[in-house]
Amino acid sequence: MTTTTTTDLYSDDPQWVDVTPIPQYDGINPVAPILYTDEYKDATDYFRGVLKSGEKSERVLELTERVIRMNPAHYTAWQYRYQTILALGTPLDEEITLMNDIAMDHLKTYQVWHHRRLILTQTKQAAQELAFLVKVLGLDNKNYHTWAYRQWILSHFSDDDLWRHELEFVDSMLRDDIRNNSAWHHRFFVLFEAGVRAGDEDREALARQEILYSKERISLAPNNASAWNYLRGVLDRSGTEYSSLAGFVEPYAGLPGPTASDADTIDTENPAPQPGARLPSVAALEFMADVYEKQGGERLADARKLWTSLAREHDTIRQKYWEYRSTAAGKL
Amino acid sequence: MTALFSSDDCYPSATSDLQAHTEHVLSERRAKPRTDKEPSLDKNNHIQFLARNLLQGFPSRYTSQDASQPWLSFWTLHSLSILQVSLDPGNKQKAIDTILTWQHPDGGFGGGPGQAAHLLPTYASVCALAISGRPGPGGGWDQIKRDKVYAFFMSLKQPDGSFLVAHHAEVDVRGIYCLLVTATLLNILTPELIAGTAEFLASCQTYEGGFASSSQPYFSATPDSETESAKALLDKPRPPLGEAHGGYTFCAVASLVLIQSFEGQESTRLPQINVRNLLRWLVQMQGTAAELGGFKGRTNKLVDGCYSWWVGGAFSLLSSLGLAPPHEHSGAEEGAESWDDVDDALFNREALQTYILMACQHHAGGLVDKPPKGPDAYHTMYCLAGLASAQHTLSPSASRKAEIRRAWKNTGTGGLSASTIPPSQSDIDDEFGDLRKNVFLETLSWHEETGTQCILGGAQNKVNATHPLFNLTVTHSEGIMGHFYRQTIPPVSIRMKQPE
Ligand SMILES: [Zn+2]
């Protein structure tokens, strides 16, 4: 934000006398008008004038920047700016430098990120992007556009050098906030969605590694939905039976596990809930009900018992859903 | 039974700290009106907020929405419709005249006069015209250049079945939803337009069950190959870009239902999505009692009034995707009229209404994301639409479909006059006649059975139902579609809900 004491309107600027400003609504009295500031009205009147004349010049770049800084969602200004850059052959690295500045101020605007993507598609200079994005995620660690853009950089350029440190990066994000679902999603993107990278060819080993990773995170915070969803994603993707984790999950569901008598044994494969955790965890009850449902037969009664306890006691807001699960299970 | 504060498992992080803070703010909202009075919807206050915005205008901070002027009008007009208010003829005409200034000479609508055409304002403009417009000269409907809309849509189409939202702009599923609703209302759907789109949408489903903004295509040839057409799109990898999100999930699911309505349920071309995971994700988005039962838009994020529609509104679409109905009525407790007996919904309708009425109403009129935020046009409409979807359950009705089918008249060009038939389809229009009849019958047979309403706070809180796919009232949906398909839609015959 700059405070201007003198107005610098295009309508007062002799360098713009050759452009005819075009008012937005001519001869009609619109519904739901926005009561613009004089500066915004002036700039967009001249922008409409330029759109009509088709001028593409340095001063048009300055004009579109002024519009964008007042309203970064003005997609027509972005579109015209992009066409002007191409027409003038403007150095694209300068454009990225300017975008670094604008992106920091307007993280939640689609156009900021897409313009960057258009430029990167041309320059193919992806190497600095990941470091820039770490900085941006430092301002807002769940920004949707930033994460989607990072995933685009990785998959579009698909360069091994870009991918090399991605898992370390996710780890650091999850150490900062174990409940950051954007980071959990990114982990799944890196390991399971975006193709198989060198070193990750053994998919079974990868699944085992990620199941253990999930278990360790669940033991720290057993009510963290992100970690449970990730675990389910890994199991589904690798075709691992949920029942193979019953021994791990039972203590979290407040159920007597098969090894409950050996309380002193430390089982690194099945870390126990940390003291202070709120148990039973709803996600663990749900998980065990899924295990019993799959086993079927007499086990269905055990599943129903858990769904009933979820509906009546532990997760009453979802009563309808748990009752539905119970009814639907009988029909399978 | 439920603890007031969700536990952070004694392992706090930024997310759980923010969550605890939000639950604290919400608990104060719940405690305040403890006068044994049920919460009320302050309709007059909201109507004044909306009328002020529509007639006097929006303050300058709305400059950030200058490229969304059709949305400001649509949100405002539709909010009034949900609140059962319609405009006088003079203001309707003013609205029509305003909307038509956003139409681009090359097809579609822009965010304001002179702005480039874009899928989102095209949807908002056409929906705003569905509310305020009429047939004939100056009525708005017949001034829409449908052939150019179609050409604009085709010009945005990508090899992976997706669409750019505008030239030189991004791909995302909101744009596809906006395109499909517009094409359905205007009767310009063709197989060519939607080829590959369902597969693109399916590829946006994440491991959590909800949908992301878009996905990344991979092609068989090297990335720097110049001949786009020579490359074949690969089934895998096709990673979603971004995590599962309420807004994108609604748009993707509604889009899939629209495509299915056009192509027919038996179509083998439709890709599979995981409906079980989708349902699980949707129910997980409802906050607990400590969050007053509002919806959130992503795992481990905060509740927000607008997801009342984006997530709450998505539940009614699940039956169209093959989810079995919750329960068959046994008829054992006949005559009982308790909430449970009429409530087939898989989310907590009462709790969602609690959140909207207690946490989202601003004392100065308008509705909000969550306290202590101020009201805006967007949250006002999506909170009200969410309230409508919690009060009313609309579902596809075979008997309503039969009524509309009996009244169907073959009109040759299926509503397109010779001059507006897109060039690419002029000689195969008859072939699409059946598909267009499909989409007309399927989309207009959504119906609310008598006795299925659940209105927290009593009848004075009742709002109009909105169409589960279009988010327009049923009256406005029927009006504009009847016009563009050249059909007369029969009135609904009164039926009671039948025990099955
Ligand atoms: Zn919101």
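Lettering of chains follows the sequences in order, A, B, ..., and the numbering in each one begins at 1.
- Shown here for Asp177(A) and Ser13(B), the closest heavy-atom pair between the two residues is OD1-OG, 2.8 Å.
- Inspection of the Gln284(B) and Asn229(A) side chains reveals no N or O donor paired with an N or O acceptor under 3.5 Å.
- Heavy atoms of Glu208(B) lying under 4.5 Å from chain A belong exclusively to its side chain.
- Contacts between Pro70(B) and chain A at a heavy-atom distance below 4.5 Å are absent for every atom of the residue.
- Contacts of Gln69(B) with chain A are made by side-chain atoms alone, with heavy-atom separations under 4.5 Å and no backbone atom involved.
- Heavy-atom distances place the backbone of Asn91(B), and not its side chain, under 4.5 Å from chain A.
- Taking every heavy atom of both residues into account, Ile34(A) and Thr63(B) meet most closely at CG2-N, 3.9 Å.
- Neither the backbone nor the side chain of Arg61(B) comes within contact range of chain A, judged by heavy atoms closer than 4.5 Å.
- The part of Gln216(B) that comes within reach of chain A is its side chain, from C-beta onward, which places non-hydrogen atoms under 4.5 angstrom from that chain.
- A cation-pi arrangement is not found for Arg298(B) relative to Tyr144(A), the charged atom failing to lie both closer than 6.0 Å to the ring centre and inside a 45° cone about the ring normal.
- Only the side chain of Tyr248(B) comes within contact range of chain A, with at least one heavy atom under 4.5 Å from a heavy atom of that chain.
- Using a 4.5 Å cut-off between heavy atoms, Ala212(B) contacts chain A through both its backbone and its side chain.
- Using a 4.5 Å cut-off between heavy atoms, Trp75(B) does not touch chain A at all.
- Every side-chain contact (heavy atoms from CB on, under 4.5 Å) that Gln56(B) has, sequence neighbours left out, goes to Arg52(B).
- Heavy-atom distances place the backbone of Pro12(B), and not its side chain, under 4.5 Å from chain A.
- Side chain of Tyr11(B) to backbone of Ile178(A): no donor-acceptor contact under 3.5 angstrom is found.
- In this structure, the side chain of Tyr321(A) does not engage the main chain of Leu279(B) through any donor-acceptor pair within 3.5 Å.
- Heavy atoms closer than 4.5 Å to chain A are found in both the backbone and the side chain of Ser16(B).
- Applying the side-chain contact (heavy atoms from CB on, under 4.5 Å) test to Asn300(B) and every residue at least two apart in sequence or in another chain returns Arg179(A), Asn224(A), Ser226(A), Thr15(B).
- Counting only distance, with no hydrogens or angles, the side chain of Ser60(B) and the backbone of Thr37(A) share no donor-acceptor pair below 3.5 Å.
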